[in-house]
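Comments concern the structure below.
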2 protein chains.
Amino acid sequence: LIVAQNLTKIYNTEEVEVHALRGVDFTIEEGSFASFVGPSGSGKTTLLNLIGCLDKPTGGRLLVEGSDISSLGRKEGARFRGQNIGYIFQNFNLIPVLTAFENVEYPLVMVQNRPVSERQDRVAGLLAAVGMADQKGKFPDQLSGGQKQRVAIARALVTNPKLVLADEPTANLDHDAAYGIIRLMEKMKDDLRTTFIFSTHDTRIIGEVEIVYTLEDGRLTGQQISGGK
Amino acid sequence: LIVAQNLTKIYNTEEVEVHALRGVDFTIEEGSFASFVGPSGSGKTTLLNLIGCLDKPTGGRLLVEGSDISSLGRKEGARFRGQNIGYIFQNFNLIPVLTAFENVEYPLVMVQNRPVSERQDRVAGLLAAVGMADQKGKFPDQLSGGQKQRVAIARALVTNPKLVLADEPTANLDHDAAYGIIRLMEKMKDDLRTTFIFSTHDTRIIGEVEIVYTLEDGRLTGQQISGGK
Ligand SMILES: Nc1ncnc2c1ncn2[C@@H]1O[C@H](COP(=O)(O)OP(=O)(O)OP(=O)(O)O)[C@@H](O)[C@H]1O
Ligand SMILES: Nc1ncnc2c1ncn2[C@@H]1O[C@H](COP(=O)(O)OP(=O)(O)OP(=O)(O)O)[C@@H](O)[C@H]1O
Ligand SMILES: [Mg+2]
Ligand SMILES: [Mg+2]
């Protein structure tokens, strides 16, 4: 369960004060398949960064899985994220010195400390599920844009997190690869009650989610239940 | 005019030899509005890198504007690109220590050596045309994904190049921003006979181009004249 109350975020830079989120309120139930949509610059990534404990709100409250994450320190936030959340970054954020395989394996090593044999099977399975099995030995700078994006998706799903935050996860993917990812995520939602929250412009995702929240200039201006799966 | 004859590209890494392009042939007329499409990993970015003199072919010939660019050295290639081509990178490739304004102004300073007053008007005009006028003083890490993409687009168009290579230019843009960019580009094609070559999965672009080339696994498998503008 995720509850936002009067959530605000102001970026202070020397030149300007940016009100990226201006008092946002919503509740997202466990096992939801939901998406935030809205114009470029409307605050979608900012909101996902707050829910993902990657940044602190300026005001308001944010409850995730019962914890008030708006009050967590940096270290506690990182631990909470590692144990509960899978994050797919808009710019992928892969570790350049690790191969595709090692990037996907990383959360299993760092967070969950699983034995090697279990890790190898899980990583290989997920790379195959996103169509990247034969690219596992490559480094990020040897991969295409959509290949990097799929490695980032596999990495976020590998720990079977309760909550997945996916920022434009299909922006660089063709039709078949995009629907392959959406089906993979829907299966996790159906089998494991994983909650998925997307930020996207992609109508292929918007057509498959149950609820669409519209952000405009840092405000929630609409909420629509749709016919998705 | 762009002519490719039996164009091949092989990436050699320690682990593996990747045949990214396997003998591609095509002719693109001046003033075209054309797009390469195809699955993630099919060779679209690789092909745009060759046409844009950012990389050398492994075999075959590539003629751009009458020059055999497959035989140009690194420096000559960079000069040719600076004078004839505007390139919109799939990962934007903005200079982190320059503001949005300075990033767009950069090609006018480095390549065309225009007087300051002329530069300022041109940069301001293009930033406004992509909806980024009020973000001009920000650095790339203070911009959203789609805002960075629009700065990268403005930078590629600012020198009025003969040829624009656009790699997934609308991947992070909402409906209105995406069509704003497409209209801006169509106007340049109509007014200045600028040639536009896209690499994309975005049906919003595919629906507006005149000709679609399909790449699959490094081969050109289809060419379709469509009803675009
Ligand atoms: N520097 C490199 N070293 C090795 N292999 C590479 C390198 N760059 C690209 N490749 C490989 O070449 C193939 C084509 O890559 P390319 O980036 O051209 O694909 P693409 O069609 O642009 O894909 P996408 O739609 O995902 O952006 C891919 O399999 C990729 O892994
Ligand atoms: N570090 C920062 N410093 C200052 N302003 C910022 C920073 N990060 C984001 N912003 C601004 O906050 C606003 C919201 O940005 P955000 O990245 O959340 O938008 P978005 O909805 O994800 O956009 P897009 O669809 O283009 O990715 C934008 O105007 C952006 O310029
Ligand atoms: Mg964003
Ligand atoms: Mg590409």
Side-chain angles (χ1 to χ4, degrees), chain A residues 11-16 18 20 37-46 49 89-92 99-100 130-132 134-151 167-178 180-181 199-204 206 214-216, chain B residues 11-16 18 20 37-46 49 89-92 99-100 130-132 134-151 167-178 180-181 199-204 206 214-216:
Chain A
Y11 293 110
N12 274 306
T13 70
E14 294 109 62
E15 302 87 33
V16 66
V18 180
V37 301
S40 168
S42 57
K44 302 178 298 297
T45 294
T46 299
N49 283 348
F89 293 87
Q90 189 166 3
N91 61 351
F92 321 141
T99 63
V130 298
M132 289 291 294
D134 55 347
Q135 308 285 332
K136 65 177 187 282
K138 279 190 177 169
F139 293 93
D141 65 351
Q142 297 171 332
L143 293 173
S144 79
Q147 289 174 336
K148 279 184 281 203
Q149 189 152 46
R150 285 180 283 163
V151 173
D167 201 342
E168 295 285 358
T170 53
N172 289 276
L173 298 180
D174 56 288
H175 182 282
D176 292 352
I181 296 299
S199 150
T200 193
H201 303 294
D202 192 335
T203 49
R204 297 173 301 189
I206 294 167
T214 302
L215 272 177
E216 288 178 278
Chain B
Y11 292 109
N12 274 306
T13 69
E14 293 110 61
E15 301 88 30
V16 68
V18 179
V37 302
S40 170
S42 55
K44 303 179 297 298
T45 293
T46 299
N49 283 349
F89 293 87
Q90 191 166 1
N91 61 352
F92 322 142
T99 64
V130 299
M132 289 293 292
D134 54 347
Q135 309 284 331
K136 64 177 187 283
K138 280 188 176 170
F139 293 93
D141 64 351
Q142 297 172 331
L143 293 173
S144 79
Q147 289 174 337
K148 279 183 280 205
Q149 189 152 48
R150 285 180 283 163
V151 173
D167 200 343
E168 295 284 0
T170 52
N172 289 274
L173 298 181
D174 56 289
H175 181 280
D176 292 353
I181 295 301
S199 149
T200 193
H201 303 294
D202 192 334
T203 49
R204 298 174 298 189
I206 295 166
T214 303
L215 272 177
E216 288 177 278

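Keep in mind the model is a prediction, meaning the values are calculated, not measured. Here is the naming used below: chain letters follow the sequence lines, and residue numbers restart at 1 for every chain.
- Shown here is A:Lys136, whose NZ atom has no more than 12 heavy atoms of other residues, nucleotides or ligands within 6.0 Å.
- Judged by distance alone, with hydrogens and angles left aside, the side-chain atoms of B:Asp174 form no donor-acceptor pair with the main-chain N or O of A:Gly38 at under 3.5 Å.
- For A:Glu168, the part sitting under 4.5 Å from any heavy atom of chain B is the side chain, from C-beta outward, and nothing else.
- There is no contact between B:Val37 and chain A, counting heavy-atom distances below 4.5 Å.
- Considering only heavy-atom pairs separated by less than 4.5 Å from chain A, the leading option among B:Gln90, B:Gln135, B:Lys148 is B:Gln90.
- Side chains of B:Thr203 and A:His175 form no contact here, defined as non-hydrogen atoms less than 4.5 Å apart.
- For the options A:Ala20, A:Ala177, A:Gly41, heavy-atom pairs under 4.5 Å to chain B are most numerous at A:Gly41.
- Taking 4.5 Å as the limit, every side-chain heavy atom of A:Val16 sits out of range of all side-chain heavy atoms of B:Gln142.
- To the nearest 0.5 angstrom, B:Ser40 atom OG is 3.5 Å from A:Arg150 atom CZ.
- Heavy-atom distances place the side chain of B:Ser144, and not its backbone, under 4.5 Å from chain A.
- Using a 4.5 Å cut-off between heavy atoms, B:Phe139 contacts chain A through its side chain alone, with no backbone atom that close.
- Between the NE2 atom in B:His201 and the CG atom in A:Asn172 there is a gap of 6.5 Å [rounded to 0.5 Å].
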